[in-house]
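Down below is the structure, laid out as structure tokens.
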Amino acid sequence: MQYSSGFWRAILLMYTLCTPIPLISSGTDLQEPTDIQELELLIETYFQQRDEEPQKALRTIRKAARLANRTFSDRSTLSESQRKLWQQAEGYLALSQFDRGRFLESEEHWVKTHAIHDTILDTNLRNELKTRRILLDSALMEVKFPETKEWLRNLKPGKKVADQFSRGTQQVQANMEQRMFTSAVRKGNINSALKHYNKASDLLDELGDEAGLQELETQYQTWLAQMDSTLIVNHIKEEAVLEPQKEEVVLEPLENERLETLKAEAQAIENSGLSTEQATLFERYKSLQKAIAEEEKRNALALQDKENQIQNQELEIRVLLQEKDISKLSLQQQRLIGEEEARKKRNLMIVLALVFALLLSVFILYRHKIRANRQLNQAKNELAVVNAKVAGLLQEQLSADIADTLIKGESIAVKEAFVAVMFVDIRGFTPIVAQLKPEEINHYQNAIFGFMIDIIESHNGNINQLLGDGFMATFGAPKSFGNDVQNAVDAGIQILKELAEINRLGKIPQTEIGIGIDCGVAVMGNVGGSGRKQFSITGNVVISAARIEQVNKTIGSHYLISEEVKQKVNLEVACKEHQMALKGRQGLRALYQLLPLEEAALPS
């Protein structure tokens, strides 16, 4: 099936967009041991460089923090040792930034360190962070608020901006008081804890921070539950007795100066011994001076109120101007939001198009796969039919064991095996077939060899060579059944009995056979060229079995076995021993003729 170039470009674009997804998501997978080992090595290197090479130490611990944040992304699945490594990377980076005067960066990593676990697992790190916390808070106040004040002074904001700055200052102070309360609770300092709790509570109440108040109240109630309330009350009473409250009286400088003058004048008059009238005049003088001072104070306050009104009006004008600027910024922001939404819609359409292309390609591939599977199943069925035919043909031409081995594709290794070899020969075969037609000859051979082959295979034997007037059979090759020699002898006995029955019924011309059996070690394997091979059994036992069968013609017998065969079987029939010389062999060899079978082997 042909596809257009546009289709393949769509597939390539979709693959390019989708490929980074597993790379990004794989960051949350299992943590590699090599990353943890590298993190441990970086932290150890940081300790070595910390005193002598602080700049290198900062680069090293920054690299360790990046590696930790990349490796440990899910806090819920981390072990305590992994949390400790992560805290060390972030915590020591916070300390290094603090030492170099980078207080804002130090605060950022400080917060990350405490967010990893509720406590600092490294004792040394916990102590260092604890000793520098107050210093960091003080440095942050110096860094943040002078810059903010300078910005406010240059910008000249209105009352709302000034109030926002004041609120930010109160929030920082509330956070510091809350931390001081937690530190005092940890140290067991009851008076300090109560003092910082009251200050933090007042600041949070002024800010209207309900969440902060709730958190502070929860910490306070937890602390009270862990301590004896009577002990806290007594401690508060003792502090009240030991440190009574002192009221400070602040006087205006001008009023202070006048009171001192009046006291000096009163002392001088008293020392000079004035009369009652003079003393009365002096009291009126003091009252007048006090009234004059109060009037001047009221005038100063009125002037100050007027100046405050003017400043408030100026602030209101500035606020209006700022609100106008804010409205412009709001319109600009809305325009940017609209452009962003349009861009998202375009991206969504592109993604939907890619998804449609993906679904279409998956559908096409699925159709191709179904067609290919159908063709494959058809080919498998045809191959099964062919294999069945081949198996049938092989089993007709070869023994079942050899045919099964070849069908499975297994090779028959050349090896030695202990086997029993049987040779069967038809007596007077040439005169019998001379009187028959070709089709009658074939019918005669099938009739006489058919039942013999069935008997051989039923006794786990294999026909190796099928000649015109006889055959060679092997028991124990290519597979041994443990009683191969006994199987060979029993097969020969049954062949003679079946032959006698067939002769009696006249199904074939009257026929005699000779059987010879020997046992021993033979070599088996495939013999032939690269084009054609045949399973073969060779060795002295094969030759001696053929010679034993030929002795039947010499002594007029029909069934002879060697002495080696007789020793390995249980014979249920009588036998007669013959000392015979085998053709091509020196010396005599003991052969045994099975007597009761001779009469059955003769034609009636």
Side-chain angles (χ1 to χ4, degrees), residues 418-433 448-449 452-453 455-456 459 461-477 484-500 503 510-523 536-603:
F418 186 86
V419 297
V421 181
M422 171 192 291
F423 274 87
V424 177
D425 181 65
I426 300 175
R427 299 286 184 259
F429 179 77
T430 301
I432 293 174
V433 300
I448 193 168
F449 286 143
M452 292 184 184
I453 292 174
I455 293 173
I456 294 297
H459 287 79
N462 295 313
I463 302 298
N464 299 100
Q465 297 179 8
L466 188 62
L467 307 176
D469 59 349
F471 62 81
M472 168 188 167
T474 306
F475 297 82
D484 302 315
V485 179
Q486 185 69 51
N487 286 339
V489 174
D490 294 342
I493 294 173
Q494 188 173 351
I495 287 173
L496 288 177
K497 291 180 179 181
E498 290 287 338
L499 179 61
N503 281 329
Q510 296 298 313
T511 303
E512 297 181 40
I513 65 172
I515 299 174
I517 300 177
D518 194 9
C519 65
V521 177
V523 177
S536 176
I537 301 290
T538 58
N540 289 329
V541 64
V542 177
I543 298 173
S544 62
R547 298 289 187 266
I548 291 172
E549 189 280 321
Q550 293 174 2
V551 173
N552 285 313
K553 299 177 182 179
T554 303
I555 64 176
S557 61
H558 296 86
Y559 196 166
L560 290 175
I561 62 175
S562 66
E563 183 177 5
E564 290 78 6
V565 173
K566 180 178 179 298
Q567 293 176 355
K568 292 183 178 295
V569 299
N570 296 321
L571 290 176
E572 298 179 356
V573 296
C575 59
K576 179 181 178 180
E577 181 181 351
H578 298 274
Q579 292 292 330
M580 301 297 296
L582 301 181
K583 183 179 179 180
R585 308 290 183 181
Q586 294 182 355
L588 301 178
R589 189 168 180 184
L591 304 178
Y592 294 88
Q593 178 185 6
L594 305 186
L595 295 177
L597 299 176
E598 293 297 337
E599 297 179 359
L602 295 174

First locate atom [atom1] of [X], then atom [atom2] of [Y], and finally report the distance between them rounded to the nearest 0.5 Å.
X: I453; Y: L466; atom1: CD1; atom2: CG; value: 5.0 Å
X: M580; Y: S562; atom1: CE; atom2: OG; value: 14.5 Å
X: E563; Y: L591; atom1: CD; atom2: CG; value: 9.5 Å
X: L594; Y: L560; atom1: CG; atom2: CG; value: 8.0 Å
X: R547; Y: I543; atom1: CZ; atom2: CD1; value: 6.5 Å
X: N464; Y: I537; atom1: CG; atom2: CD1; value: 5.5 Å

Nearest heavy-atom pair of [X] and [Y]: which atoms, and what distance?
X: K566; Y: C575; answer: CE-SG, 3.7 Å
X: V551; Y: L582; answer: CG2-CD2, 3.8 Å
X: C519; Y: V485; answer: CB-CG2, 4.0 Å
X: G514; Y: R427; answer: CA-NH2, 3.4 Å
X: I515; Y: G492; answer: CD1-O, 3.7 Å
X: N503; Y: Q510; answer: O-NE2, 2.9 Å

Checklist line | CA sep, side-chain torsions, deciding dist, call: I513, L496, side chain to side chain contact (heavy atoms under 4.5 Å, CB included) | finding: CA-CA 8 Å; I513 65 172; L496 288 177; 3.8 Å; yes
Note to self: Between D425 and N552, is there a side-chain heavy-atom distance shorter than 4.5 Å?
What the structure shows: no
Check: With a 4.5 Å heavy-atom cut-off, do K576 and S557 have their side chains touching?
Finding: no
Flag, side chain of [X] to backbone of [Y], donor-acceptor distance under 3.5 Å:
X: Y559; Y: I517; answer: no
X: N487; Y: G461; answer: no
X: Q486; Y: N570; answer: yes
X: E549; Y: M422; answer: no

Notebook entry, point to check: Which is it for N540 and R585 under the side chain to side chain contact (heavy atoms under 4.5 Å, CB included) test, yes or no, and what are the steps along the way?
Noted result: CA-CA 11 Å; N540 289 329; R585 308 290 183 181; 4.1 Å; yes
Notebook entry, point to check: Checking side-chain hydrogen bond (donor to acceptor under 3.5 Å, both in side chains) against Q593, which of H558, E577, H578 comes through?
Noted result: H578
Checklist line | Audit row: V541, F418, side chain to side chain contact (heavy atoms under 4.5 Å, CB included) steps and yes/no | finding: CA-CA 10 Å; V541 64; F418 186 86; over 6 Å; no
Note to self: I'd like to know whether CD of Q579 has more than 12 heavy-atom contacts from other residues, nucleotides or ligands below 6.0 angstrom.
What the structure shows: yes
Check: Please walk me through it: do I463 and F449 pass side chain to side chain contact (heavy atoms under 4.5 Å, CB included)?
Finding: CA-CA 11 Å; I463 302 298; F449 286 143; over 6 Å; no
